Structure formats: C-alpha cells, structure tokens
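Notes follow once the structure below has been shown.
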Amino acid sequence: MANDKIVLAYSGGLDTSVAVPWLKEQYGADVITLTIDLGMVDLESIRERAMQVGAAKALTVDGKETLVNEFLFPALQAGAIYEEQYPLATALGRPLIARYLVEAARSEGAYAVAHGCTGKGNDQVRIDVGVAALAPELKVIAPIRDWGMSREDEIEYGQARNLPINASRSRFSVDENLWGRSAEAGELEDPWLEPPEDAYDWTVPVGSAPDEPTYLEIRFEEGLPTALDGESMNGVDLIRHLNALAGQHGVGRVDHVENRLVGIKSREVYETPAAVTLHSAHKALETLTLSKDQARLKAQISQQYADMVYNGLWFTHHRLDMDAYIRSTQRYVTGDVRVRLHKGVCTVVGRTAPQALYNYSLATYDREDQFDHSAAAGFIDIFGLPVRTQNQAQG
Ligand code: ARG
C-alpha cells in the first residue's frame, strides 16, 4: 500500500504503548507517535519509549502556550465551568490534541490518526469530532475502543512482543494539563466514599495547609490575567505559579458527579488550583465592570460555552459566535483583584477597576451621598403599578 502511515497520539502509558504494535499488525502500517506537552510531560523520555515500543518515528510538540492562549484563556473569559464545578481542563486539551494530530498527519502524509480513548468517555467524542471538523478525509482509529483487551490481556500482548512496558499504575485513571488534573475510576466509582488522599496530587489536604493565609493580587487586562503581585508574567508561568501557590493551600479540589455526553453519570475528582483562583478573581472583576443585563446574559452564555467545550464542539461556528460575544464583554474587564488563599478556600477580598461601574457617591450612606432619595418614591410608585393593578383586579 502506498499510504501506510498512522499518527498515534502517544502518552507513554500501557494503552498507547500496546497500541503501537497492534496498529502495525492490524493495519500493516508504520506508526508515527505524537506526544504533546500540555504542561505535564517529559517529552524526551516518552519519545525514547515510543521508539522502544516500535514507532517508525516519534514526534513531539510543546503545546503549552497555544493551550493557554487559544483554549484556556478564552474559556476563562467565558467563565466556562461545567455544571458549576469543573473548569474543563481535560475537555479544553482534547481539541488541541486533535489539531496537532491533523497537522502531523498532513505533514507526514498519513492516512489515519489514532488515539487511546476508551469507548465510554467524552474524550473519544472530542478527538473524533475535532479531527472530523478539521480533516474529514482522515480516518480515526481508536484501538482501545476496538480491540476488546482487558488490562491483563494488554500486558500479555505487550510481553509477548517484548515491549519494555511498565505495568505499575496509579489506582485511578488520570489526565493532566496546565488547567488541572482529572482522576476517575477505581474507588472513586463509589460516590458515597470520600476520595482517598492518593486520588490527589497537586493539592494538600486542608488539615496540612498552612495556618497563615496568602494574599495575592491578580491583574487582568481585558479579561486576561497578566500579572501576579505586580509582576508581569506570560500565561504559562502565571498558571504554573498559581497551581503551586493555591495548591499549597489546598485550593482547587473538586469532587463531582457529572453528566457525561455519552449518557452516564460519573464521579470525578479534579484538582484545579489556578483555574479555581482565576475564575473567582475574573468573575469578581466582572461584578465591577459589567452592567446587570450584561452579567445576566453572560451567565447564560457561560453555561452554553461550558457545554460546548464539554461536548467536544470546539471547532464549530457556534463557538466562534460565542467567542465574539465573550470578547466584546471583556473590553473593560481590566483591573486588580485581591484574593486570600487559606485552608482550601480562595476568597476574593478586594477588587478595583479604572472603569468600574461601582460608584462610591451613589453607593454610600455617608455625607457624600449623591443618590436622589426623593426620586425613589416616584420610581417605586410606577414600578409597583402592575402589582397593585393585578391585586386589585384579581385579589
Ligand atoms: N470527566 C472529565 C471530562 O470528561 C475528565 C476525563 C478525564 N480523562 C481521563 N482519562 N481520566 O472532561
């Protein structure tokens, strides 16, 4: 066959390592692995492993900046939190993985891309739909979804082919990128059980968090965080810094039973210190800078935006339209927010914005008060008119 290359999204774990010989055997193809750094991986050691398990070529890409600027920050501006709990770390990483797979397939001249998702989760949808949107001509193969091997089968299969696989694994299924860590499966499948401490990795338990709070000032420019305590930082550094700092205070643990796109409910444990901190600070700044009507509509769009991301619909015109609206809402979301990180909680304790709608002389009860109290009685008379009318007519 002339075109016999497949690009496989490769994490270095058991599933995708076994997938390399499996794809070669099933499809008679060369397997080119692609490992993407979205914040948490050691590209070089995974590249070596890929060659050891039989990749024809092992590609790597540093996707951190792109992830932050094109996916995480727009989602932050949108206030996108799925079911009011999950800041969508995994869900925001998947469309970028799909995009890199497509780019690699095109530059390598591959006819198919492959990934290690199971048939039960959201991630398969996000990658398959993402690839289909960007390159409808590419075939998508999901070996783990197709091969019907148990974990033991995979280990046997790998051993029979002398793969240097490391079968030790965490008790949970974990996915990580800069925006957070997702853990599922194992004991977490019993929603009545408190998550065991080893389900967590980025955050300390509240009991061992420092007694002293940390105060931190976050600067936003048009809805994007640009500095911490007055020090300008690029997005990747800022998020890293916040993950460490808020994580030390036990901030960012989320224990959530969520509604998957494939129709089942699943119990997920997330650690997302930077995202939790940034979302609360960003929202606080919007309370100063958006009108009531703007805030009401934006809250509805936020929910739609979160569903869109969760459901793998990133590469759609619907997303572009929502982005245009969101961008427009951020014109005056510039200012500083002070947060207190303490014992697992991020609390906004101060906010200021040069173009705030908050007006001291209207809000104050002191002598500087400029609110026209005498106008209130007439306003209430008209405002209450339909209430009086209805009660008079209908009791
Ligand atoms: N439930 C989350 C989502 O759908 C996280 C999935 C994490 N994936 C994993 N392999 N642990 O976005």
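Whatever order the structure lists ligands and atoms in, that order sets their numbers, starting from 1. Quick caveat: nothing in here was measured; it's all calculated off a predicted structure.
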Problem - Shortest non-hydrogen separation from Tyr305 to Ala75 and the atoms involved - result: CE2-CA, 4.1 Å
Practice task
Go through the steps for Asp336 and Phe220 under the test side chain to side chain contact (heavy atoms under 4.5 Å, CB included), then give the verdict.
Solution key: CA-CA 6 Å; Asp336 295 286; Phe220 288 88; over 6 Å; no
Handout entry: Ring geometry between Phe71 and Phe315 (parallel below 30°, tilted from 30 to 60°, perpendicular above 60°)
Key = perpendicular
Exercise for the section: Mark the output for Phe172 as yes if a heavy-atom distance to ligand 1 is under 4.0 Å, and as no if none is. Expected result: no
Exercise for the section: Give the residue and atom name of whichever protein heavy atom lies nearest to atom 8 (N) of ligand 1, and the separation in Å to one decimal. Expected result: Asp123 OD2, 3.3 Å
Exercise for the section: Check Arg351, Gln77, Gln294, Lys298 against Glu286 for a side-chain hydrogen bond (donor to acceptor under 3.5 Å, both in side chains) and give me the one that passes. Expected result: Lys298
Practice task
Please could you name the atoms of ligand 1 that Arg126 approaches to less than 4.0 Å, counting only its heavy atoms?
Solution key: 3 (C), 4 (O), 12 (O)
Practice task
Can you pull out the closest protein heavy atom to atom 2 (C) of ligand 1? Residue, atom name and distance to 0.1 Å, please.
Solution key: Tyr270 OH, 3.1 Å
Problem - Nearest non-hydrogen protein atom, atom 10 (N) of ligand 1 - result: Ser173 OG, 3.3 Å
Exercise for the section: Would you check the N or O atoms of Asn122, main chain and side chain alike, for any that come under 3.5 Å of an N or O of ligand 1? Expected result: yes
Completion exercise
Nearest heavy-atom contact between Gly121 and Arg260 is CA-NH1, 3.8 Å
Exercise for the section: Would you check whether Glu268 has a nitrogen or oxygen atom less than 3.5 angstrom from a nitrogen or oxygen atom of ligand 1? Expected result: yes
Completion exercise
For atom 1 (N) of ligand 1, the closest protein heavy atom turns out to be Glu258 OE2, 2.6 Å
Exercise for the section: With heavy atoms of Ser182 as the reference, note each atom of ligand 1 found under 4.0 Å away. Expected result: 5 (C), 7 (C)
Practice task
Describe, in one word, how the ring planes of Tyr86 and Tyr270 are oriented to each other, choosing from parallel (under 30°), tilted (30 to 60°) and perpendicular (over 60°).
Solution key: parallel
Practice task
Please name the pair of heavy atoms, one in Leu101 and one in Leu8, separated by the smallest distance, quoted to 0.1 Å.
Solution key: CD2-C, 4.2 Å
Handout entry: Short N-O contact, Glu217 and Arg340, less than 4.0 angstrom
Key = no
Exercise for the section: Say whether Tyr86, considering both its backbone and side-chain N or O atoms, lies within less than 3.5 Å of an N or O atom on ligand 1. Expected result: yes
Problem - Protein residue, atom and distance nearest to atom 6 (C) of ligand 1, heavy-atom basis - result: Glu184 OE1, 3.7 Å
